[in-house]
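Below, chain A is the first sequence line, B the second, and so on; all start at residue 1. These numbers come from a predicted model, not from an experiment. As a basis for the values below, the full set of heavy atoms in this structure was taken, side chains included, without hydrogen atoms, waters or symmetry mates.
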Amino acid sequence: MRLRLLIAVLAAAVLGLAFTFPWLKTPILLALANGLAVSGVIVLIRAGQVSFGNAMFACLAGYSAAFLARAWHLDALLLIALSCLFAALAGAVIGLFIVRYRGIFFGMLNLALSMVLFSVLGKFGGLTGGTDGLRFDRPTLGFVHLEREPFETALLVLALGLSIIAGWVVQRYFASVSGQALAAIKTNETRLEYLGISAKRVFWGGYVLAATLCGLGGSLFALTQGLVTPEMGYWVRSGELVFIAILGGSGHALGAFIGAFLFEFMKLYTAALLTGAWQLVMGLVLLVMVFVAPTGVFGMIERRLRPGRSA
Amino acid sequence: MKLLKTLTAIAVMTLGSGLAQAQDKPAELKIGITTFISGAASVFGVPAKAAAELLIEEMNAKGGIGGVKVSATYIDEGIGGDKLLSEYRRLVQEQGVRTMLSAISSGNCNIVAPVAEDLKVLNVMWDCGTEKVLEDKRYKYVVRTQANATTEMVATVLYLLKTKPNFSTIAVVNQDYAWGRDSWEIFLNTLKAFKPDVKVVAEMFPKLGASDFSTEISRLQALRPDVILNTSWGGDLDTFVRQASQRGLFTQGATMVLPLAESSLERLGATMPEGVIVGGRGDHYFLHPETKDEPAHKDFVAKFRAKTGAYPIYPTYHMAQALVGLKTGYESAIKANGGKWPSSEQVADAMRKMEFKGYGRTVTMREDGQGLEAQLLGITKRVPQYPFAVMDKMMLVPADLVTTPVGQKSVAWVKTLKADVLKSDRLKSYDFK
Amino acid sequence: MNSSLFALALMDGVSYAALLFLVALGLTLIFGVMRILNIAHGSLYAWGGYFAATLGMGITHFGLSPLLGLPALFVAAIVIGVFLATVLEFALLRRILDKDPILQLLVTFAAFMVLEDLQRMIWGVQPVFVSDVVTQLGTLSVAGVTYTRYQLLVLPAVAVLAFFGLRWFLGRTALGRQVTAVTHHREVATAMGVNTGRVTWLTIAVGGALGALGGALASPTTSFTPGIGAEMMVLSFAVVATGGLGQIGGAALAALMIGLTRSFAVYLMPEVEVLVPYLIMVGVLLVRPEGLFSTAATRRI
């Protein structure tokens, strides 16, 4: 109950910020998009696996949204739905063979695939716009043509709604049989198999969910910027997603969003105040988090939300 | 829902009043300038920033623009396209900047131009070359105070044909992005209009910021083309010239055509050999044959050297043009507006029908926002006065001979060029003095 | 493609592979002994290169003998490589041995980010290029193409020396055997009386020096700019993953494969060149998930 109250308060705070400072809308949207992608990453972390290539699903979704917008001028809602579907399909196909790998090999194969995507997008400029990326015009939202300001507001409300729903889905998944089996992959996979549950199938399910969430994040990112570049799929981006997961707390979907907001605002202010040192600051923060609070900010909050219960 | 409507209404009203306020003279004219402050391209972008600081200081000492002092915020294009866009939007939306000078990279121009149009912000493209921006779409708020890829490449082809016309094979090594690809497309199509049976033996597009060209150089040495074109700039060009020089690519007999090398001449010093065709993307050169003795130009060169320790290069001249053009545009719009401070739209409009002079020949702006700028090309030569190569056998090509007319697409227009433009008496030649 | 172009592609590929091998070697050594993939290894490459360039500029500035150029590269690499590796090991790596593998990776990622910015603060953003060493050694002509002696002879020679040197060290010296033991099973090695802490430090120092050596040797021919560490990181990952984690022979073979294929791609299909290392990595990992060479490991239930 306290958790739901916290979520409601945070959501209201986000809306409040967005309306009092209109220029914050873009960073908030980007933070929400990142948060969605990171919620995908924490699904994988639940299984004890880290992928340094998850940004490729965000990238794929973004580019498919760009292609569809340029070719058929579809409505934003359709763009989001279709690009997510595409990311999910990609996740399903890639997942078929990638779920056989664990640990460092899983991470590296994801990395390799994301680098292939990154290089292809950068090189075949005729089709993909090359390293400059693809631009597309602002689509209609709900079949209504909006000017820039109202569009951003509406998109922000939509993103917030989708984030809350996604967070709920992830938590329900974690509590479900598949989710608990997924967690067992980390603790003791062989015993899971002994129980008669196919670890690969469970992992595949988790992988597809992660891909879809990353895709959702990517499509929102693309719609906010109106621009997709190969950098969306670069390995350092994937690393940032994992960083956010640890920063915010990988135990709960809310952690993903807390981490994303902290990251976005840290980046904004370090870039403005200490140009050229934001990576330094981020790196130091990450080191502190790993040694002092490995369960992330959410982990710290959780302890206070449930006094008397161990985390 | 009602809350949303009320809040939106408040937001709209604040925005509206913000716009209305723009009509009164602001306390200062805030402009945003994007340039490369990091990465290989910073050898290019940092001098431009220095020039901007110098010129804005000078301008402000004389009262600024229309009596208002100018203050500039700089954005690093080296942070990448999407981060640049975020910063661009933040300046416009958070800090209320209504005039932007952007960008150096053609890729970034392609990105910011539609956004500027959407945000209704005046955007002066001060350095990027891609002709496609103004040809593919008609903009109200986007102008360019310098020439574009077409003008520059066509002038380069003309110079090549006039100085070293006997060749049959050509190879290209360009950066793999908008400028590299577009400049090659125009160059080749123009060349084919004059020499239809020229043979392209290799087309190599290493990525922007590549640090190693050894395989490309090996391939060029093996293929031995008569002409080698490289439209790279900044650190990439420096690296290519150094590595090529180490491997002896310059001495194997090919004519090297480096249309952007004016900006690298001083940095490369003795590494740049003689006999290389170089250009400056416009008539930019501290030893410009027609303007080097003009007091304003000499003053600028001296001040720039005092500030940075180096001679000005073409990005600094482009910056100067953008600032002078901006000032001229504002003043012309103020006059047309009866002395009141103009809106971004009015300035953009004024900038489409004016002339201004930087430190070269006068630049004329046309109705589609494209500037008409003369082109200067030359061949490198070592002289005792300077520890680096200078341009000799220079030629000035007037812009109207080599720029796509309004409303036409470059790729199609260059194919219609006729050989008698080479005999035009408006092409003036100068030797180094 | 005729035989002379073939020979050229071969030579370009080999010299590129030599550089890749040196960097990947360091990475694979560190993984072997700590079971942590050190993402900060790319920074070691960058720092090695920048530091070597600084030393080179210092030599010219103080008018010292230009013959010092080549040895200076090695000195620079060893000094900065050992220093950074020691700092990393002491401050971070040894404290995360018991942590979750995800956290371990993130710690090295954080170290990478910190080093990237520090590098930018120290050496600035302008490209750094000190090529006197190359010009001194001169050029030689093969099949009508001029190569620098540096690129064609020095780089592959160093790589070959490193390969055989390391093999000999690990197989024939007492200390080397201890390193192998710790790589194989840390706990058992400690039980056998090996000073695992010291051996670990030594291996990491050597690994770090090799990474920095890659950068130092690359500095006379390539210009160093911010971001070059990230690029080399991903490439050396590709080599290490393809070759097998902790496998020296694997790293050599993978480096050759990637170097040669990339080189041939530039001659035959230049558009594919950037994809090559990752396609090879995916291809090999799909068929042999542990890389080309791998040791059989028992699975603990």
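- The two residues Phe97(A) and Leu286(C) come nearest to each other via the heavy atoms CD1-CD2, 3.3 Å.
- When each of Ile280(C), Leu118(C), Leu245(C) is scored by its heavy-atom pairs under 4.5 Å with chain A, the top score falls to Leu245(C).
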CA sep, side-chain torsions, deciding dist, call: Tyr234(A), Val234(C), side-chain contact (heavy atoms from CB on, under 4.5 Å): CA-CA 10 Å; Tyr234(A) 196 46; Val234(C) 135; 5.6 Å; no

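- Atom CE of Met113(C) sits about 6.0 Å away from atom CD of Glu240(A), to the nearest 0.5 Å.
- Within the 4.5 angstrom heavy-atom criterion, only backbone atoms of Gln49(A) (N, CA, C, O) approach chain C.
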Steps toward side-chain contact (heavy atoms from CB on, under 4.5 Å) verdict (Met289(A), Leu106(C)): CA-CA 10 Å; Met289(A) 289 306 289; Leu106(C) 277 179; over 6 Å; no

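- With respect to chain A, the highest number of heavy-atom pairs below 4.5 Å among Gly291(C), Ala111(C), Ala230(C), Ala241(C) belongs to Ala230(C).
- Of all the heavy atoms in Ala110(C) and Gly283(A), the pair that sits closest is CB-O, 3.4 Å.
- Heavy atoms from other residues, nucleotides or ligands lying under 6.0 Å from CZ of Phe105(A) number more than 12.
- Here Met281(C) contributes atom CE and Leu113(A) contributes atom CG; the two are 8.5 Å apart, rounded to the nearest 0.5 Å.
- Closest non-hydrogen pair, Val282(C) versus Leu109(A), comes out as CA-CD1, 4.2 Å.
- Under a cut-off of 6.0 angstrom, the local environment of CZ in Arg100(A) is sparse, with at most 12 non-hydrogen atoms contributed by other residues, nucleotides or ligands.
- Taking each heavy atom of Leu92(C) and Leu287(A) in turn, the nearest pair found is CD2-CD2, 3.6 Å.
- The local environment of NZ in Lys99(C) is crowded, with over 12 non-hydrogen atoms from other residues, nucleotides or ligands closer than 6.0 Å.
- For the options Ile98(A), Leu111(A), Val236(A), Val285(A), heavy-atom pairs under 4.5 Å to chain C are most numerous at Leu111(A).
- The local environment of CH2 in Trp201(C) is sparse, with at most 12 non-hydrogen atoms from other residues, nucleotides or ligands closer than 6.0 Å.
- Not a single donor-acceptor pair under 3.5 Å links the side chain of Tyr278(C) to the backbone N or O of Ser119(A).
- Open room surrounds CZ on Arg201(A); 12 or fewer heavy atoms of other groups in view lie less than 6.0 Å from it.
- Taking 4.5 Å as the limit, some side-chain heavy atom of Phe291(A) sits within range of a side-chain heavy atom of Ile96(C).
- Shown here is Phe263(A), whose CZ atom has more than 12 heavy atoms of other residues, nucleotides or ligands within 6.0 Å.
- The minimum heavy-atom distance between Met108(A) and Leu37(C), with the atom names listed, is SD-CD2, 4.0 Å.
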Audit row: Leu275(C), Phe124(A), side-chain contact (heavy atoms from CB on, under 4.5 Å) steps and yes/no: CA-CA 11 Å; Leu275(C) 290 170; Phe124(A) 295 97; 4.0 Å; yes

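- Trp235(A) and Phe109(C) have perpendicular rings, their planes meeting at more than 60° on a 0 to 90° scale where under 30° would count as parallel.
- Atom-to-atom distance recorded for Phe52(A):CZ and Ile39(C):CD1 is 4.0 Å, nearest 0.5 angstrom.
- Neither the backbone nor the side chain of Arg35(C) comes within contact range of chain A; no heavy atoms are under 4.5 Å apart.
- Minimum heavy-atom separation, Leu105(C) to Val50(A): CD1-CG1, 3.7 Å.
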